[in-house]
Amino acid sequence: MGQTLTEKASSPTSAELAWGRRYLLVRPDHFRVDYRINPYMDLADQPDAALARAQWDGLVAALVGAGASVESFDQPADAPDMVYAMNLGLAVTLESGAPLAVMSHMRFAERRRETESARRWFVSRGFGPSYIGRDGVGAHFEAGDAFPCGDALVVGFSPRTDELGLKAVATELGVRVRGLRITHPGMYHLDLAFCPLDRDRALVCPAAFDDASAQALLALVPDPLVLTEAEALTFCANAVVVGRTVLMPACPDRVRGILEGWGFDVVLVEVGEFHKGGGSVRCLTNPLDIVVGRDLPAVPGGEVLLPL
Ligand code: ARG
């Protein structure tokens, strides 16, 4: 008993995330910067195909090394941004046990070409597909905006996902959605400013949001690691967590010190060619093992909560 108490008091760790052990990636066979839909994309600065492929292979090896399983498929030639697999859709297992993929309805038409081949892949893996924005309802949803955290799916909105999209996701999944308004042009998806680390902790960059949303997010995470804007712009929050391993494209010394103090292993993964399209480690990986009822509560019918 005494020993348990001592262990608890001195332990820097908290319960690991149950999800984040199975990922979808898209092999960069046709990765290019063909258009500009975020501030990082510059048509004059194209990725080197061989280097991008080598970096992607390194990311896959790092994921597997951390204990994750990886599935991938070949990139269609007409979808140069499809390497950012995080945005294809949100895959969950519903409370009923049925796997469901809520396909993204991308804000920019250039990326909507990705949806049909992504849908076929999810179906081939047993995920029933569901469509945001079908039937002419103009909802937008991009899955890089959505993560389970606390009692809800937190979903960033404004640059990409919109308020109709929040409602549609909440209804499709039967979960509580907490919307967070993103205002920073360089952090246009939630996954550039927020990364759940374990049950109590997350990387959070308040500068990405309006004041009410920043406060709401900080209130939701018991023990946030607050990033400055400069730290977040290294793409360090665009990280993937597998148990107690954090795979990051960069890690400022201050951030590393805190993560290691909390018992995480930081693994740096070089994916600089993919920064040319405006995405990093997390954007390239889509978790397939989120479970409603385990990782976030089921709320029949769904509900959306917005900061005031
Ligand atoms: N070029 C892509 C876009 O603008 C990059 C996506 C980055 N992905 C992410 N999950 N943040 O849509």
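In each ligand, atom 1 is the first atom listed, and ligand 1 is the first ligand listed.
Taking the centre and axis of the six-membered ring of Trp262, the NZ or CZ atom of Arg201 falls inside the cone set by 45° and 6.0 Å.
When only modelled atom types and interatomic distance are considered, Tyr35 and Asp81 share a side-chain donor-acceptor pair under 3.5 Å. One side chain, Asp162 or His140, offers a donor N or O that lies under 3.5 Å from an acceptor on the other.
Every atom of ligand 1 with a heavy atom of Asn38 under 4.0 Å away is listed here by number and element: 1 (N), 2 (C), 3 (C), 4 (O), 5 (C). Atoms of ligand 1 lying under 4.0 Å from at least one heavy atom of Asp191, given by number and element, are 9 (C), 10 (N), 11 (N). The ligand atoms of ligand 1 that sit less than 4.0 angstrom from a heavy atom of Gly278 are 7 (C). Applying the 4.0 Å criterion to heavy atoms of Gly277 picks out, from ligand 1, the atoms 1 (N), 2 (C), 5 (C).
Shortest contact from atom 9 (C) of ligand 1 to any protein heavy atom: Cys283 SG, 2.6 Å.
For the ligand labelled ligand 1, residue Tyr188 lies inside the 4.0 Å heavy-atom shell. In this structure, Met106 has no heavy atom closer than 4.0 Å to ligand 1.
The aromatic rings of Phe122 and Phe127 sit perpendicular, their planes meeting at an angle over 60°, well past the 30° parallel limit. Relative orientation of the Tyr84 and Phe31 rings is perpendicular, given thresholds of 30° and 60° on the angle between their planes.
Ion pairing of Glu16 with Arg21 is present here, as a side-chain N (NZ or NE/NH1/NH2) and a carboxylate O approach within less than 4.0 Å.
Closest to atom 4 (O) of ligand 1 by heavy atom, among Arg111, Met41, Arg160, is Arg160.
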